[in-house]
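Input: a single structure, listed below in structure tokens.
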Amino acid sequence: MQNELQGLAGKIGELEQEADEHGLVLTTLDEALVHEPGRKCFRLIGGVLVERTVKDVVPALQTNRDGIRKVVASLTEQYKTKEKDLDTFKSEYNIRPV
């Protein structure tokens with residue numbers, strides 16, 4: 001059970017970092033979107049670097065970031081549930097950390 005909690009915590013950390021990176025890129029591209037929406041930028045899709053314009057990339061990045069945030073929220077709920085289960089298990093069998 002503790003391994004599951006550690007795995008969930010690691011995945012949550014990874015996804016939060018990825019969402020933060022998406023946010024940084026969006027912050028940078030927002031200025032370009034206002035001044036030069038036709039400016040080219042490059043995006044990595046499935047291991048392939050693709051040339052797009054800023055106006056095409058920004059909505060896709062926002063969708064990805066929002067999806068990542070939803071997954072993080074879901075994993076956080078799972079973490080809390082598993083944590084409660086572990087605490088119940090520990091109290092039921094009188095298990096204490098050493």
Side-chain angles (χ1 to χ4, degrees):
M1 280 187 164
Q2 287 181 336
N3 290 340
E4 291 176 12
L5 281 175
Q6 289 175 347
L8 279 173
K11 191 65 175 175
I12 289 169
E14 273 180 48
L15 290 174
E16 284 178 341
Q17 183 177 3
E18 195 170 323
D20 289 344
E21 288 174 3
H22 275 70
L24 287 172
V25 172
L26 283 169
T27 302
T28 303
L29 289 179
D30 279 341
E31 186 177 325
L33 184 62
V34 171
H35 299 293
E36 301 175 70
R39 182 178 179 176
K40 35 178 196 180
C41 64
F42 295 89
R43 182 171 180 223
L44 192 63
I45 301 175
V48 178
L49 197 59
V50 181
E51 183 179 330
R52 297 276 187 240
T53 61
V54 172
K55 68 181 177 185
D56 295 333
V57 170
V58 169
L61 281 175
Q62 289 171 338
T63 303
N64 287 351
R65 183 190 58 191
D66 294 342
I68 291 169
R69 286 180 177 168
K70 287 179 185 175
V71 170
V72 167
S74 171
L75 287 175
T76 302
E77 288 300 317
Q78 287 179 13
Y79 183 86
K80 288 177 184 177
T81 302
K82 293 237 184 239
E83 194 173 39
K84 284 180 185 177
D85 292 345
L86 181 63
D87 289 341
T88 303
F89 181 79
K90 283 180 178 180
S91 65
E92 185 177 318
Y93 292 100
N94 198 22
I95 298 173
R96 291 183 220 117
V98 179

Per-pair distances, 0.1 Å, donor-acceptor, side chain in residues 83-98, under 3.5 Å, sequence neighbours excluded:
unit_1, atom_1, unit_2, atom_2, d
Thr88, OG1, Lys84, O, 2.8
Ser91, OG, Asp87, O, 3.3
Ser91, OG, Thr88, O, 3.0
Asn94, OD1, Arg96, NH2, 3.3

Atom CZ of Arg39: over 12 foreign heavy atoms under 6.0 Å:
no
Under 4.5 Å side-chain heavy-atom separation, chaining through any Ile, Leu, Val, Met, Phe, Trp or Tyr, what else clusters with Val50? Say none if it is isolated.
Ile45, Val48
Hydrophobic cluster partners of Val25 (side-chain heavy atoms under 4.5 Å)
Leu26, Leu29, Leu33, Val54, Val57, Val58, Leu61
Donor-acceptor pairs under 3.5 Å, side chain of residues 1-23 to any protein atom, not counting sequence neighbours: which ones?
unit_1, atom_1, unit_2, atom_2, d
Glu4, OE1, Lys82, NZ, 3.0
His22, ND1, Glu18, O, 2.9

Among residues two or more places apart or on two chains, list those pairs meeting salt bridge (Lys or Arg N to Asp or Glu O under 4.0 Å) that have a residue in residues 26-35.
none
For residues 56-78, the salt bridge (Lys or Arg N to Asp or Glu O under 4.0 Å) pairs (sequence neighbours left out) are none
Residues in ring-ring contact (aromatic ring centres under 6.0 Å, His included) with Phe42, at least two apart?
none
